[in-house]
Amino acid sequence: MIKEGLSAQIIPDSQGFFGAHGGKIEHPDLAKAMDEVSAGFQAMIADPTFIDELKLLQKTYVGRPSPIYHARTLSQNGAQIYLKREDLNHTGAHKINHCLGEVLLAKKLGKRKVIAETGAGQHGVALATAAALLGLECEIHMGVVDIEKEHPNVSRMKILGAKIVPVSMGAGTLKEAVDSAFGAYMEQFEDSLFAIGSVVGPSPYPEMVAYFQSIVGHEAREQFDQAYGGQPDEVIACVGGGSNAIGLFNAFMDDAHVALVGVEPAGEGLDTDRHAATLTLGKPGIIQGFHCYFLQDADGNPAPVHSIASGLDYPGVGPQHCHLKDIGRARYETATDKETLAAFLTLARSEGIIPALESAHAIAYAIKRAAELDSDKRLLINLSGRGDKDLDYAIERLGSNL
Ligand SMILES: *Cc1c(COP(=O)(O)O)cnc(C)c1O
């Protein structure tokens with residue numbers, strides 16, 4: 001029987017804080033809307049009918065449980081490397097886990113529509129999928145630059161019946177899309193739900209998204225114990241906003257002997273301004289309605305960020321990770337674009353698995369880490385998504401090296 005729910009370490013206090021980070025929205029109308037979402041979420045997870053519906057969809061629609069795979073070829077230089085195969089989920093990544101939860105919640109609250117932003121389009125596709133399945137409208141805000149770049153995902157969303165709102169303000173990328181989506185939500189919060197794509201944003205989103213992602217860790221802990229005995233020495237995941245990492249970490253939070261390791265994008269190097277290593281180099285402050293570490297420019301505004309993996313290039317990070325860093329329960333490492341691209345190719349050629357560039361950050365760190373450890377040590381990595389979306393980019397970058 002798989003255990004459910006979140007460790008007390010990543011449940012917020014009554015004000016929505018995890019230690020010094022997180023918080024609630026103050027705007028009175030929106031605060032009311034957030035209270036409705038929060039109460040609906042708490043009621044949903046206490047209602048066996050909804051939990052049964054969610055579990056049935058996880059099993060028959062997403063294809064859960066996703067397996068754990070012992071990557072033996074990759075494990076020849078030291079510690080043993082195991083992969084939690086979230087890339088095998090329907091839609092190819094972990095994002096479907098929280099999108100199903102959010103759309104079920106919208107339905108429970110009697111909403112007609114879900115609204116969200118998307119950068120590379122991964123969250124948009126997963127949300128449009130869940131909305132199509134459950135019969136809700138879906139409105140996705142996306143920067144015009146991203147629409148141009150991420151054509152296959154735009155086509156997927158259209159075919160799934162989502163309405164795409166192009167955003168041409170500012171740089172025409174993720175940050176502007178968030179502002180646009182939030183603006184649209186403010187005008188129609190009575191009949192819609194804002195569906196955030198990670199463990200970021202104001203309360204109750206970090207707790208809610210972490211809850212829906214916690215299936216990853218609960219499954220992994222039980223599968224690992226059954227197949228290999230006991231727990232891994234370290235669990236490792238890439239961190240953008242932090243949802244796939246928190247989903248894996250949660251089940252091991254109270255196993256003090258298990259190290260929790262998040263891997264951030266060091267981009268072109270931590271000594272350049274072309275990275276998105278938020279927990280490593282960010283400063284505390286408030287971004288888009290919540291307190292966290294974030295990368296700031298000289299005026300304290302969100303800095304432009306970069307990663308080879310578009311799912312990781314966000315200047316902020318979830319408040320639960322900020323708290324886990326502060327209390328020393330998790331540690332945060334980095335992988336550069338170059339190390340990531342090498343790991344992408346290594347996993348493809350040694351195990352026949354093409355990872356998402358996001359996930360390849362965790363693989364890059366794990367390969368390095370394994371070489372420092374004895375062969376009886378065990379590392380469990382969250383393979384958060386598959387790499388189909390990254391093939392053109394990889395071919396362009398690797399070209400003559402292939
Ligand atoms: C979006 C995405 C991520 C980053 O999001 P988190 O909230 O940090 O998990 C990681 N991996 C894949 C495959 C993604 O699509």
Side-chain angles (χ1 to χ4, degrees), residues 10 66 83-99 101-102 116-127 129 146 150 152-153 156 174 177-178 195-201 205-206 208-217 235-250 260-265 276-279 292-293 305 307-322 324 330 332 334-335 340 343-344 347 353-365 381-391 393:
I10 55 166
S66 63
L83 307 175
K84 175 64 169 163
R85 300 287 312 273
E86 290 297 292
D87 61 316
L88 295 177
N89 293 339
H90 178 48
T91 67
H94 69 289
K95 284 194 172 78
I96 191 72
N97 299 329
H98 62 248
C99 287
E102 287 178 322
E117 78 291 341
T118 196
Q122 296 299 106
H123 176 54
V125 169
L127 193 65
T129 300
D146 288 332
E150 309 290 348
N153 277 342
R156 282 185 191 103
L174 180 63
V178 174
I196 294 183
S198 187
V199 283
V200 297
Y205 287 93
M208 190 163 92
V209 173
Y211 178 91
F212 293 132
Q213 286 298 345
S214 69
I215 182 74
V216 177
V235 298
I236 300 171
C238 66
V239 177
S243 68
N244 88 89
I246 245 3
L248 180 63
F249 290 0
N250 172 65
L260 310 178
V261 188
V263 185
E264 299 194 297
T278 308
L279 288 154
C292 66
Y293 290 107
V305 289
S307 166
I308 191 177
S310 45
L312 303 183
D313 66 1
Y314 179 64
V317 66
Q320 290 143 320
H321 287 290
C322 301
L324 294 177
Y332 295 89
T334 61
T340 298
F344 172 87
L347 187 65
I353 298 171
I354 303 176
L357 283 172
E358 289 81 2
S359 326
H361 284 76
I363 303 293
Y365 174 73
I381 295 96
N382 199 2
L383 192 63
S384 55
R386 66 178 183 228
D388 305 43
K389 67 189 179 59
D390 300 313
L391 298 183
Y393 179 82

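We count ligands from 1, going down the list as the structure has it; atoms in each ligand are counted the same way.
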Ligand 1 contact on V199 by region, counting heavy-atom pairs under 4.0 Å: neither
Check: H94 N/O within less than 3.5 Å of ligand 1 N/O: yes
Taking every non-hydrogen atom, the tightest pair across T118 and A177: O-CB, 4.2 Å
From the candidates K95, Q122, E86, K389, the one that places a heavy atom nearest atom 1 (C) of ligand 1: K95
Spacing of CG belonging to D390 relative to OG1 belonging to T340, to within rounding of 0.5 Å: 11.0 Å
Geometric class of the H321/F249 ring pair [parallel <30°, tilted 30-60°, perpendicular >60°]: perpendicular
L312-ligand 1 polar pair, N/O distance under 3.5 Å: no
Contact atoms of ligand 1, heavy-atom distance to G385 under 4.0 Å: 13 (C)
Polar contact flag for E358 and ligand 1 (N/O pairs, less than 3.5 Å): no
Pairwise distance SG(C238) to OH(Y365) - rounded to 0.5 angstrom: 14.5 Å
Ligand 1 atoms in contact with S384 (distance to a heavy atom under 4.0 Å): 10 (C), 11 (N), 12 (C), 13 (C)
Minimum heavy-atom distance between K389 and A356, given as atom pair plus value: CE-CB, 4.0 Å
Residue portion contacting ligand 1 (non-hydrogen atoms closer than 4.0 Å) for S243: both
Per-atom contacts, ligand 1 versus G311 - under 4.0 Å to a heavy atom: 4 (C)
Contact atoms of ligand 1, heavy-atom distance to A356 under 4.0 Å: 13 (C)
Atom pair CD1 (I236) and NE2 (H361), whose distance is rounded to the nearest 0.5 Å: 14.5 Å
Proximal ligand 1 atoms for S198, defined as those under 4.0 Å from one of its heavy atoms: 6 (P), 7 (O)
Closest non-hydrogen atom pair, S66 against N89: CB-OD1, 4.0 Å
Polar proximity ligand 1 side, G240 side, N/O cut 3.5 Å exclusive: yes
Gap separating the CG atom of D87 from the CG atom of L383, nearest 0.5 angstrom: 4.0 Å
Gap between atom OG of S243 and atom NZ of K95 - 0.5 Å precision: 6.0 Å
Ligand-residue contact atoms, ligand 1 with C238, heavy atoms, under 4.0 Å: 10 (C)
Geometric N/O contact G241 with ligand 1, under 3.5 angstrom: yes
